[in-house]
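Chain identifiers are assigned alphabetically (A, B, ...) following the order of the sequence lines, protein sequences preceding nucleic acid strands; residue numbering begins at 1 within each chain.
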There are 2 protein chains.
Amino acid sequence: MSPRHNDARQRVVAATAEMLARHGLNATSIREMAKRADAPLGSTYHHFPGGKQQVVVEAVKFAGAQVRARLEHHLQAGAKAGLAGFLSMWRDVLLRSDFRLGCPVMAVAVEEPIDAVAEEALAAAAAVFADWEGLLANALTNEGHEPESAAKLATLIVASVEGAIVLCRAQRSIAPFDKVAERIEWAAGL
Amino acid sequence: MSPRHNDARQRVVAATAEMLARHGLNATSIREMAKRADAPLGSTYHHFPGGKQQVVVEAVKFAGAQVRARLEHHLQAGAKAGLAGFLSMWRDVLLRSDFRLGCPVMAVAVEEPIDAVAEEALAAAAAVFADWEGLLANALTNEGHEPESAAKLATLIVASVEGAIVLCRAQRSIAPFDKVAERIEWAAGL
DNA sequence: CACTTTCTATGACAGTTGTTATAGAAAAGA
DNA sequence: TCTTTTCTATAACAACTGTCATAGAAAGTG
């Protein structure tokens, strides 16, 4: 049987996602992951034979799926509501963490290990971004946008939200996000 | 006298900026910095008594000033040309590094150290972002935009470029950047 | 020349990193 | 019950981290 439903295992994945979002890939150590998840360190390599790579990949996919679920939910009320939901989602992450939490997917995309390249983790991040873009683009197309125009707008949305997160964390203020959000919603209204 | 013009010192700062852009803050070690700069490791704490913090702060300011100089140059031909220059600048960084180099300023903004918070480095990053935004906003205002509208647009530009860099690195493709650039230039044309 | 300032080489420190091996506990199936 | 699978504790490894102290070289100044 595939691994039985194990709480500790899932807690490690979730804790890793949060560590990635806050401290980045290289500051996310297996020992800290386990500690923050209240999980036994001794069993880390039992649940994740692939080591840190595997945990990180699963954390990225986990975070991606979580965002996707909420985005899909908001999109049921239309593209405009979906965009608003996507924006307020990330806005809340910033505000609730006092601008200390960012995006775990971004974390693995901007930190290439010294010795090698984490191809698998990078591919997972790319897939997550593409997933979000696809959802948004699809909704915009259904709303009357030209398919290619919708795709470009969806990419702009994801990119500017990710960038806004960076600006807000640097500045410890929500102002950049709100400025970007207003301009984006205006652009999507066309 | 303030420190005499020292090649090795400046090379360390430049090498650090590149390491930040590629590997991130936590993977940027003093030993590697010195090695890549062909600088003596033994004198690192002589030139930078503040340790890694100081080197990182100087690297962020250095990268920020470099971008500023080029942006200012392009802006002499107007806001539209300045924007185009800013975009092609980052586009070249991505292409020339095969999508392995990002933005060193972003790196320090998204990696909070485990034990403490690098307030000084974060403040330097915030200042650099604000500097770029200010330059763009000012040029847009001179071109007829309302000041607050110009400020919002400038923030959107910086945010979406930073975000596009992330998407391109994840996807190892220039496509996200070009999509974002097209939409941004269109939005700025209004 | 001597003298002072600037710079560099070397080694050490305490701590952390990813990973593995070994041994044993807990749980599940018969 | 016995047996097998699943999980965990502990220790160790080599390599790396930021930082510091000590010693000496190099360079500039008188």
Side-chain angles (χ1 to χ4, degrees), chain A residues 1-13 15-16 19-20 22-60 107-108 111-122, chain B residues 1-13 15-16 19-20 22-60 107-108 111-122:
Chain A
M1 262 290 164
S2 77
R4 184 165 42 288
H5 183 297
N6 187 325
D7 278 355
R9 208 196 112 102
Q10 189 50 37
R11 256 182 291 131
V12 167
V13 174
T16 301
M19 283 199 74
L20 288 174
R22 185 181 296 252
H23 304 289
L25 175 59
N26 286 293
T28 298
S29 74
I30 298 193
R31 287 168 175 86
E32 269 283 320
M33 281 166 22
K35 186 188 293 182
R36 301 196 183 194
D38 259 317
L41 169 62
S43 58
T44 313
Y45 282 85
H46 175 76
H47 294 297
F48 308 95
K52 181 177 178 178
Q53 269 260 18
Q54 184 181 351
V55 189
V56 167
V57 168
E58 292 199 27
V60 166
V108 320
E111 288 185 60
E112 174 176 318
I114 290 280
D115 35 6
V117 194
E119 288 295 348
E120 206 180 341
L122 210 65
Chain B
M1 262 292 170
S2 78
R4 183 165 46 288
H5 182 296
N6 187 325
D7 279 354
R9 207 196 112 103
Q10 189 49 37
R11 257 182 290 130
V12 168
V13 173
T16 301
M19 282 200 73
L20 288 174
R22 183 180 298 250
H23 304 289
L25 175 59
N26 286 294
T28 298
S29 74
I30 298 194
R31 285 168 177 85
E32 270 283 323
M33 281 166 22
K35 185 189 294 182
R36 300 196 184 195
D38 259 316
L41 168 63
S43 57
T44 314
Y45 282 85
H46 174 78
H47 294 297
F48 308 95
K52 183 177 177 179
Q53 270 262 13
Q54 183 181 352
V55 188
V56 168
V57 167
E58 292 198 27
V60 167
V108 320
E111 288 185 62
E112 173 176 317
I114 289 280
D115 34 6
V117 194
E119 287 297 346
E120 206 180 341
L122 210 64

Just the rounded figure in Å: distance from [atom2] of [N] to [atom1] of [X].
X       : N      : atom1 : atom2 : value
A/His23 : C/dT17 : NE2   : P     : 11 Å
A/Gln54 : C/dT20 : CD    : P     : 12 Å
B/Arg9  : C/dC7  : CZ    : P     : 10 Å
B/Phe48 : C/dC7  : CZ    : C1'   : 13 Å

What does nucleotides 8-24 of chain D look like as a protein-contact string, B for base, S for sugar-phosphate only, - for none, at under 4.0 angstrom between heavy atoms? BB--B----BBB-----

Taking side-chain contact (heavy atoms from CB on, under 4.5 Å) as the test, write out the residues that go with B/Gln10, two or more places apart.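 If we apply the side-chain contact (heavy atoms from CB on, under 4.5 Å) test to B/Gln10, skipping adjacent residues, the hits are B/Val13, B/Phe62.
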
Working to the nearest 0.5 Å, report the span between CG of A/Leu41 and NZ of A/Lys35.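 Here the interatomic distance stands at 10.0 Å.
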
Taking CD in B/Glu120 as the centre, count heavy atoms belonging to other residues, nucleotides or ligands within less than 6.0 Å. Is the count above 12? no

Any side-chain heavy-atom pair from B/Met33 and B/Val55 closer than 4.5 angstrom?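 Yes. Closest side-chain heavy atoms under 4.5 Å.
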
Under the 3.5 angstrom rule, does the side chain of A/His23 hit a backbone N or O of B/Glu112 as a donor-acceptor pair?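 It does hold such a pair.
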
Check whether B/Arg36 reaches the backbone of B/Ala15 with its side chain - one donor and one acceptor, N or O, closer than 3.5 Å. no

